[in-house]
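Taking it in order: structure first as structure tokens, then the write-up.
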Amino acid sequence: MKNILVLCTGNSCRSQMAHGYLNLITNGKASVYSAGIETHGLNPGAVAIMKEDGIDISNHTSNHVDEYTAIDFDYIITVCDHANENCPFIPSKNALRLHHNFYDPSKVIGTDEEKHAAFFKARNEIKAYCENFANTYL
């Protein structure tokens, strides 16, 4: 079984969406974890947009990367530049480290429709990335 860590700044939005998709897509072929270099709690917009695609992440927790130092990861995926640049050392010497900067929909200021559109766009980009990751590496 492969171990996958998805890492973002606050483990509230983008990493949580990727965690949800990877759980579904890997279908038992991997243990998926998500963490942040900080913890911000779950973003309600991320929970809602994932629910629209049939994935319930409401039971996820916002975890700090230090909670997983004992796990030997096969893949570490950073989903924002800030986490990629500021991530503390993760002692998984054989992990393949991948990076893709998804823009942060939680930073969008506007109408409810504009905010929804931002989460929708980010979710679909993350979903496509996760599908491609699974097809390439698992």
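All figures in this text were calculated on a predicted structure; none of them were measured in a lab.
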| query | Between OH of Y33 and CD1 of I71, what distance do you get to the nearest 0.5 Å? | reply | 4.0 Å

| request: Establish whether L42 and Y68 are linked, either directly or via other cluster members, by ILVMFWY side-chain heavy-atom contacts under 4.5 Å. | output: no

| task | I would like to know whether E131 and Y21 meet side-chain contact (heavy atoms from CB on, under 4.5 Å); could you show each step before the answer? | result | CA-CA 8 Å; E131 289 170 342; Y21 279 120; over 6 Å; no

| query | Does G45 offer a backbone N or O that forms a donor-acceptor pair with the side chain of N43 under 3.5 Å? | reply | yes

| field | L5 and V65: CA distance, side-chain angles, deciding distance, side-chain contact (heavy atoms from CB on, under 4.5 Å) verdict | value | CA-CA 9 Å; L5 174 63; V65 66; 4.2 Å; yes

| said: Looking at N101 and D81, would you say the former's side chain and the latter's main chain have a donor-acceptor pair under 3.5 Å? | reply: yes

| query | Which pair of heavy atoms, one from A46 and one from F119, lies closest together, and at what distance? | reply | N-CE2, 3.5 Å

| query | Is any side-chain heavy atom of I126 less than 4.5 Å from a side-chain heavy atom of V79? | reply | no

| request: Look only at the side chain of E67 and the backbone of H64, and say whether a donor-acceptor pair between them is shorter than 3.5 Å. | output: yes

| query | With the 4.5 Å side-chain cut-off for hydrophobic clustering, are I57 and V6 part of the same group? | reply | yes

| query | Any side-chain donor paired with an acceptor under 3.5 Å for N11 and T39? | reply | no

| query | Just how far is it from atom NZ of K127 to atom CD1 of I49, taken to the nearest 0.5 Å? | reply | 11.5 Å

| So H60 and H19, would you call those rings parallel, tilted or perpendicular, with 30° and 60° as cut-offs? | tilted

| Within the side chain of Q16, is there an N or O that forms a donor-acceptor pair under 3.5 Å with the backbone of T61? | yes

| request: Verify whether one side chain among S12 and H40 offers a donor that lies under 3.5 Å from an acceptor in the other. | output: no

| R14 and Y103: which non-hydrogen atoms are nearest, and at how many Å? | CD-O, 3.5 Å

| query | In terms of the angle between their ring planes, are Y75 and F133 parallel, tilted or perpendicular, with boundaries placed at 30° and 60°? | reply | perpendicular

| query | Out of I4, D74, L98, T26, which one pairs with Y137 under the side-chain contact (heavy atoms from CB on, under 4.5 Å) rule? | reply | L98

| query | Under 4.5 Å between any side-chain heavy atoms of P105 and C13, yes or no? | reply | yes

| remark: To the nearest 0.5 Å, atom CD1 of I109 lies from atom CD of E114 at 10.5 Å

| Looking at CG of L22 and OG of S15, how far apart are the two atoms once the value is rounded to the nearest 0.5 Å? | 11.0 Å

| message | Return the OG to CE distance between S58 and M50, rounded to the nearest 0.5 Å. | response | 11.5 Å

| message | Working to the nearest 0.5 angstrom, can you tell me the gap between S34 OG and M17 CE? | response | 11.5 Å

| task | Tell me whether L138 is reachable from L24 by hopping between hydrophobic residues (I, L, V, M, F, W, Y) whose side-chain heavy atoms are closer than 4.5 Å. | result | yes

